[in-house]
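This structure is a prediction, so every number in the text was calculated from the model and none was measured. Order of appearance sets the numbers: ligands from 1, and atoms from 1 within every ligand.
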Amino acid sequence: MLELQISEVERARVSSELEVQRAYFSQLFSNSPEAIVLLDNTDRVVDANAAFEELFQYSLSEIHGRDLNDLIVPEDRVEEARELSERVLLRTPVDHETVRRRKDGTLVDVSLLGCPIELDSERLGVFGIYRDFSVRKEHERHLEYLARYDPLTGLPNRFLFEDRLRQMLAKARRTGERIAVHFLDLDNFKAINDTMGHRAGDQLLQAAAGRLRETVRESDSVARLGGDEFGVLQTGISDAVGATILARKIVDAFSEPVRINGRRVPTAVTVGISLSSPEAGAEQMMAEADTALYKGKTAGRNRFEFHNRAMADEVCEYASIHRELHRALEREEFFLEYQPQVDLASGAVVGCEALVRWRHPERGVLGPDSFIKICERSGLIGPLGEWVLEEACRQRKRWSDAGVPDFPIAVNLAAAQFRDPRLAEKVVDALDRSGLPPSLLHLELTESTLLEPSDALEQALEILNRKGIKFCIDDFGTGYSSLRYLRSFPFHKVKIAREFVSGILDSSDDAVIVDAVAGLGVKLGLVVLAEGVEDGRQLDFLARCGCTEVQGYHFSPPVAADDIVGLIRAWTGNPVSRAV
Ligand code: C2E
Ligand code: MG
Ligand code: MG
């Protein structure tokens with residue numbers, strides 16, 4: 001009995017204690033400045049405190065029993081919210097920074113603490129505490145912004161500019177496009193700042209930023225690098241001409257006065273340009289653009305300047321030749337010259353190389369070195385190469401018809417032509433159309449062509465070789481990876497590069513190279529021809545090395561087709577005896 005009395009007293013005490021504790025927790029829940037929500041195990045709202053109601057603008061009655069994800073979780077975060085609940089229900093508390101949506105649709109940055117809570121003896125729920133930290137986040141964003149942008153003009157700063165340049169250069173290395181960095185400086189900023197005040201100076205900088213933004217394409221970036229210096233990052237160009245066009249546009253954009261405090265203030269800029277090369281780094285390009293800008297300013301302001309004038313000229317020249325080349329074929333401005341190849345022992349003409357020239361309407365006759373590379377890069381080598389082939393075959397046939405002895409004609413093929421899967425077909429067509437037997441056609445390819453072996457190359461060599469066309473390796477000795485090819489393909493002739501032959505009398509190195517290269521050709525059973533023989537004194541040495549054919553100014557420069565006939569008639573005797 002006594003026991004029973006004690007336990008009832010005890011129960012009353014415990015119950016009252018529980019009551020007190022519940023009141024504490026209830027106050028803690030209700031009065032907490034943190035927004036607290038209680039969810040069941042399906043994310044439905046069981047309870048929420050006043051701070052939660054205030055933060056998310058919902059009253060408890062509006063959200064009670066509803067899925068919280070439908071209410072305050074932005075669509076792109078629903079997945080994340082569900083995962084967080086699952087983690088909590090597996091009794092792993094979460095501490096997470098995220099974004100939630102208020103009733104009026106506005107977003108708020110929150111930190112979210114979630115922990116498991118037993119709703120009753122059977123059900124586990126989620127206890128979520130949200131803290132609004134949008135102010136801190138805003139502050140962080142502002143700091144981030146200041147680290148990368150200029151607050152006065154809203155443009156990226158030097159740091160971000162260089163970062164973008166780095167990314168663009170990495171991309172350009174993959175795509176092969178080029179990038180220009182333009183640095184520009186307002187020519188009269190200091191004067192305006194000093195005479196009209198800093199406010200006016202600021203307005204000028206803002207106006208300059210606006211003009212630059214309007215002048216460049218969307219894919220280009222404009223930045224304020226500091227003071228009155230701006231930078232433009234130009235992408236997607238192939239040469240200095242593209243950069244020049246933009247630089248000119250920038251200079252022109254500043255030729256119009258800027259309106260400051262109701263006054264029209266004349267402005268001008270100087271631009272310094274650096275153009276990327278495949279190995280250019282961001283820091284180097286920034287330094288080059290800076291140097292170019294400095295050069296531009298000392299040379300007289302209101303203008304643009306390339307970092308490297310020679311490069312600029314070269315690329316401008318490239319662009320103009322490129323444009324003109326397109327018309328040159330239509331206007332039949334190309335023609336061929338022929339250089340005889342002579343048998344060293346007998347002095348007889350044993351071959352003839354066709355070399356293309358361009359009769360340029362203004363520049364006069366241009367040699368292939370000034371346009372073949374441009375043709376290769378622009379794809380024009382295809383049609384030009386076909387024309388050379390056709391013309392060379394026709395000419396050889398005309399000689400045959402006129403009784404000129406049957407020595408083969410050699411035609412140079414560029415590496416790019418071997419990428420054309422129809423090359424073999426085109427060569428055969430040219431032979432068919434001219435009526436020239438394949439044995440009278442030799443094709444010259446350089447060692448660099450063999451550096452990039454491909455199926456198309458191997459197939460073309462196979463097919464044409466089977467037809468009876470012979471192949472010669474041109475400029476032999478300037479590359480080295482062809483040795484494997486030399487073995488695997490039945491080449492007919494190697495032509496030792498002029499650059500070595502020209503040095504055999506003066507340089508022991510060149511003499512050794514020619515000797516070794518000729519020896520290699522002989523051992524492989526090839527005809528060895530020495531190119532660029534200018535001096536008769538070279539002939540003995542070449543003969544001793546195993547060269548059997550020679551070609552060069554000593555015998556004849558490349559000449560017109562008609563002159564070949566005359567040369568052949570005039571030449572008799574051993575060419576060695578013709579030495580000076
Ligand atoms: P290549 O095939 O090695 O041609 C020999 C070059 O050396 C020619 O220059 C020729 O004029 C020059 N040469 C010949 N003998 C001497 C000499 O004794 N001394 C000196 N200093 N030079 C000599 P060219 O005509 O300027 O041709 C240059 C290169 O252009 C050629 O080198 C060839 O690779 C390329 N080329 C010429 N015509 C064509 C063509 O129709 N198609 C292709 N793809 N390339 C061509
Ligand atoms: Mg050649
Ligand atoms: Mg050569």
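- Between the side chain of R211 and the main chain of A253, a donor-acceptor pair closer than 3.5 Å is present.
- Residue-level proximity to ligand 1 for E337 is absent, since no heavy atom of it falls below 4.0 angstrom.
- Taking distance alone, with nitrogen or oxygen atoms compared against 3.5 Å, T446 stays at or beyond that limit from ligand 1.
- Considering only non-hydrogen protein atoms, atom 1 (P) of ligand 1 sits nearest to D474 OD2, 3.6 Å.
- Residue side and main chain included, D475 places an N/O/S atom under 2.8 Å of the Mg ion (ligand 3).
- R396 forms a cation-pi arrangement with F407, by the criterion of a distance under 6.0 Å to the ring centre and an angle within 45° of the ring axis.
- Counting only heavy atoms from C-beta outward, the side chains of T449 and L413 never approach each other to under 4.5 Å.
- Among all non-hydrogen protein atoms, the one lying nearest atom 24 (P) of ligand 1 is P368 CG, 3.6 Å.
- Screening L520, L529, L526, T446 against F476 for a side chain to side chain contact (heavy atoms under 4.5 Å, CB included) leaves a single residue, L520.
- Shortest contact from atom 15 (N) of ligand 1 to any protein heavy atom: Q339 NE2, 2.9 Å.
- The proximity of R357 to ligand 1, defined as any non-hydrogen pair under 4.0 Å, is limited to the side chain.
- Between the side chains of Q341 and Q551, at least one donor-acceptor pair of N or O atoms lies under 3.5 Å.
- When the Mg ion (ligand 2) is compared with the N/O/S atoms of E444, atom OE1 turns out nearest.
- No more than 12 heavy atoms of other residues, nucleotides or ligands shown are found within 6.0 angstrom of CD on E283.
- In this structure, A414 counts as a contact residue of ligand 1, since one of its heavy atoms falls inside 4.0 Å of the ligand.
- Among all protein heavy atoms, the one lying closest to atom 31 (C) of ligand 1 is L355 CD2, 4.2 Å.
- Not a single heavy atom of E376 sits closer than 4.0 Å to an atom of ligand 1.
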inquiry  = Quick one, F334 with L384, criterion side chain to side chain contact (heavy atoms under 4.5 Å, CB included). Give me CA distance, side-chain angles, the key distance, then yes/no.
reply    = CA-CA 9 Å; F334 293 108; L384 175 63; 3.7 Å; yes
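- In this structure, E534 counts as a contact residue of ligand 1, since one of its heavy atoms falls inside 4.0 Å of the ligand.
- The parts of V356 lying near ligand 1 are both backbone and side chain, judged by heavy-atom distances below 4.0 Å.
- One of the N, O or S atoms belonging to N412 lies under 2.8 Å away from the Mg ion (ligand 2).
- Here the N, O or S atom of D474 that is nearest to the Mg ion (ligand 2) is OD2.
- Residue P558 places a heavy atom less than 4.0 Å from ligand 1.
- Sorting the N, O or S atoms of E353 by how far they are from the Mg ion (ligand 2) puts OE2 first.
- Closest approach between the Mg ion (ligand 3) and any N/O/S atom of E531 involves OE2.
- The cationic group of R359 lies under 6.0 Å from the six-membered ring centre of F335 and within 45° of the ring axis, placing it in a cation-pi geometry.
- Residue contact check for ligand 1: H554 places no non-hydrogen atom closer than 4.0 Å to it.
- Those atoms of ligand 1 with a heavy atom of V533 less than 4.0 angstrom away are 18 (O).
- Considering only non-hydrogen protein atoms, atom 18 (O) of ligand 1 sits nearest to Y553 N, 2.8 Å.
- Protein heavy atom nearest atom 12 (C) of ligand 1, with residue, atom name and distance: R498 NH1, 3.0 Å.
- Salt bridge present: K397 and D401 bring a charged side-chain N and a carboxylate O closer than 4.0 Å.
- Ranking the protein heavy atoms by distance from atom 46 (C) of ligand 1 puts N412 CB, 3.7 Å first.
- Put simply, the residue from L275, L246, I179, D220 that forms a side chain to side chain contact (heavy atoms under 4.5 Å, CB included) with I237 is L275.
- For the 3.5 Å distance criterion, the side chains of D343 and S346 qualify, holding a donor opposite an acceptor.
- The distance between the ring centers of Y338 and W399 falls below 6.0 angstrom.
- Judged purely by distance below 3.5 Å, without hydrogens or angles, the side chains of R398 and Q395 pair a donor atom with an acceptor atom.
- Without hydrogens or angle criteria, T267 side chain to F254 main chain gives a donor-acceptor distance under 3.5 Å.
- Counting heavy atoms under 4.0 Å from ligand 1, residue V411 does not touch it at all.
- Nearest protein neighbour of atom 29 (C) of ligand 1, counting heavy atoms only, is D369 OD1, 3.7 Å.
- Taking OG1 of T270 as the start and CD1 of I250 as the end, the distance is 12.0 Å to the nearest 0.5 Å.
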